Amino acid sequence: MKEILSGNEAIARGAFEAGCLVACAYPGTPSTEILENTIKYKEIDSSWAPNEKVALEVAIGASFGGGRALCTMKHVGVNVAADPLFTLAYTGVRGGLVLVVADDPEMHSSQNEQDSRNYSKFAKVPMLEPSDSQECKEFTRLAFELSEQYDMPVMLKSCTRISHGKSIVELEERVSGLPAPKLEKNPAKLVMLPGNARVRHPLVEESLQKLSHAGSKMAINRSELRDRSIGIITAGVSYQYVREVLPNASTLKLGMVNPLPYDLIREFAAQVEKVYVVEELDPFIELQVRAMGINAVGKEIIPLCGELTPGRLRSAFGLPQTTPVPAEKLPGRPPNMCPGCPHRGVFFALNQLKAYVTGDIGCYTLGFMPPLSAMDTCVCMGASIGMATGVTKVVADQEKKKVVAVIGDSTFLHTGINGLMDMVYNQSPATVVILDNSITAMTGRQDNPASGFTLMDAPAPAINIPLLCTSLGVKNIRVINPLDLEETKRVLAEEMERPETSVIITNKPCVLIKREGVFQKGPVYAIEDDTCTGCRACLKIGCPAIEWRPAADGGKKGKAYIDPLLCTGCDVCRQLCKFDAIGSKK
Amino acid sequence: MSEQITNVLMAGVGGQGILLASEILSEAAMLAGFDVKKSEIHGMSQRGGCVVSHVRYGRQVFSPIVPEGEGDILFGFELMETCRSLPLLKPGGAVVVNDLRILPPSVLMGQEPYPDGLVERIKARFPDFQLLDGQHVAEQAGNVRAANTVLLGAVSKRLNIAEQFWMRALEKMVPPKALDVNRKAFQLGRES
């Protein structure tokens, strides 16, 4: 049977067909939908972990217990999971273990565009790279088989265009007859103390060599000879752009990018006149091909930054472009916090208090955007708290009071807790705001250990964040309603003034939560035209439901207007109106 | 079947239902026997950013994104976003656009006006142009929320996919209770 699937749906399907028993992840664009699809298969135990390191450790445990396990994350997640990954390469697996990593070249939704292929080489883990949804499914199945055959974890590398692109996939049945998981001790393989690890490392090197040789005969590494004046070595989505733009060129399509199939590369290079390597981001394949003594052209013409497109590839090869109409100069449309978002008031207050805000990763990173403009740093998941501690170590006492770390509930549980431990332990006077909206919002509303539900939508114990902070030794903990601007600003000012660590926790849920009884829409607000003086105070919160309407006669005075279809009745704009022009339509 | 690839672009604002519309088109193309690829960025789309969906179908499709300047038809859900995507169209490409303005933050805050005369600007460059009031037609079909289906109906006339495949795609992708309204909306769009 054929279906149109996204790369992510196809990876989930591949895991199902491969007999996978456990899937674990922390959400991250563009990888999130893989686990949101494994839940469709009741044979797979799917769960969200608090971070990528834990997710990988759960998968390792499942593998050591004898079951096939899938772990998925975005590229930067591998930085968090790198610790277990590198040693997992030495232990190898029992049940097949596949780690899917989805890169984000062009940074559509990420803070950097690191190239995950470097991890496969660095960690000595084989890596497959599919080029469409059909290959996502096939390569996932193959990755499980190779993992067990070579006793190694296998990485599967996707990217935004593959994960979120859709194409036709032929579905197959789930494999049967895999050995049932059971406990089995094997300390020489699974306890990586120096004595054991020294034995394992040479085995890893040997397996990689064997796999490189075997790779030259694998169907996923495919030499397609056409016009022999140009031979292009490529992989993943880049292969599709090469076929689109240079349909007559010979191609060596690599399905396995680590280890490279050296014999096949040599054979291909000998059959064509000029060798090119076309790959996104780093010259990962190119440098290895050149180290083989093959004179290949790559990053001299192919961009190092951003994603490839057919047009960019055309420019690289000096091919004519279709002349498009020039781009129009139009107002931008940046993403914005939703109408009624509980984060808005907090950033409004931080802006007014002229705080120095160490930010973090989530919807609230949009607090950087005007008119709220209240975020001064954003580095990685969980960084806000540690960075706030660091800033207060160097600046003058008067400036220490300005330092506020802002972090969401899910990011706090991901890697923020350790930062808070440090802040208390080393007695930083900074203030931490935990924006608890009861969900992992930015990636599309995933549950987390504080939301009270699992990925499978079953009730779960919810972490009590104030109690957790108390147990970490925080003495000053305030829970506030972020939709009350006066309270928010007052409490922030008080805690910023305090020369001790303090934590402020907001308590209003994300407006997009659909689960019954969590988010309640209030009565819709409206602006009384006769009372509105056109002072624009309500526009300072940047709510998408409020619109400035210039005067019809072209005069100076316009009025503000609230779109009743967008308003959630959060009440924040009413508190900004000094003329009582805003009220609810009960 | 010819080697020719049909390149369809859909442009609008997050939350307008572009993903569903592009999925219905992809499904219809697959049912008609074509190879299909579809691509879009949906990381920030829920937060009101712009969304462009690329759907390509034909005998064999390679690139999942429409090569710059090769779009055959641009299906616009919002005027300004339609205008922003014009450089993706080929010279002589067709534009079918919903007569709808969604104001971006800078316009909402009164910092700049929503650009004037977009319809005329698009028409001047791409004479094969159709402007539709999707909301109004959808109301006639019984539900203003079926505006996308009206537009899809209008686009369908220009694509080499037989009506039966569109109907089967609608049946598969639209919830049963909304199916009648959507069938009607599609027909009204097709007749427009």
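Note that this is a predicted model, so its numbers are computed, not measured. Residue numbers start from 1 in every chain, and the chains themselves are labelled A, B, ... in the order their sequence lines are given, proteins ahead of strands.
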Relative to chain A, which segment of [X] carries a heavy atom at a distance below 4.5 Å: side chain, backbone, both, or neither?
X	result
B/L88	neither
B/S26	both
B/R125	side chain

Does the pair [X]/[Y] count as a salt bridge with the N-to-O cut at 4.0 Å?
X	Y	answer
B/R84	A/E328	no
A/E244	B/K37	no
A/R314	B/E70	yes
B/E40	A/R161	no

Please identify, among B/R56, B/M80, B/H54, B/Q111, the residue contributing the most non-hydrogen atom pairs under 4.5 Å to chain A. B/M80
Do B/I102 and A/R333 come close enough that some side-chain heavy atom pair is under 4.5 Å? yes
Counting only heavy atoms closer than 4.5 Å, note whether A/C363 contacts chain B via side chain, backbone, both or neither. side chain
Identify which part of A/P30 has an atom lying under 4.5 Å from any heavy atom of chain B, answering side chain, backbone, both or neither. neither
Salt bridge (Lys or Arg N to Asp or Glu O under 4.0 Å): pairs with one or both residues in residues 135-161 of chain B, sequence neighbours excluded: B/D128-B/R158
Shorter than 4.5 Å, heavy atoms on both sides: which option in A/A545, A/G332, A/G165, A/P310 has the most such pairs with chain B? A/P310
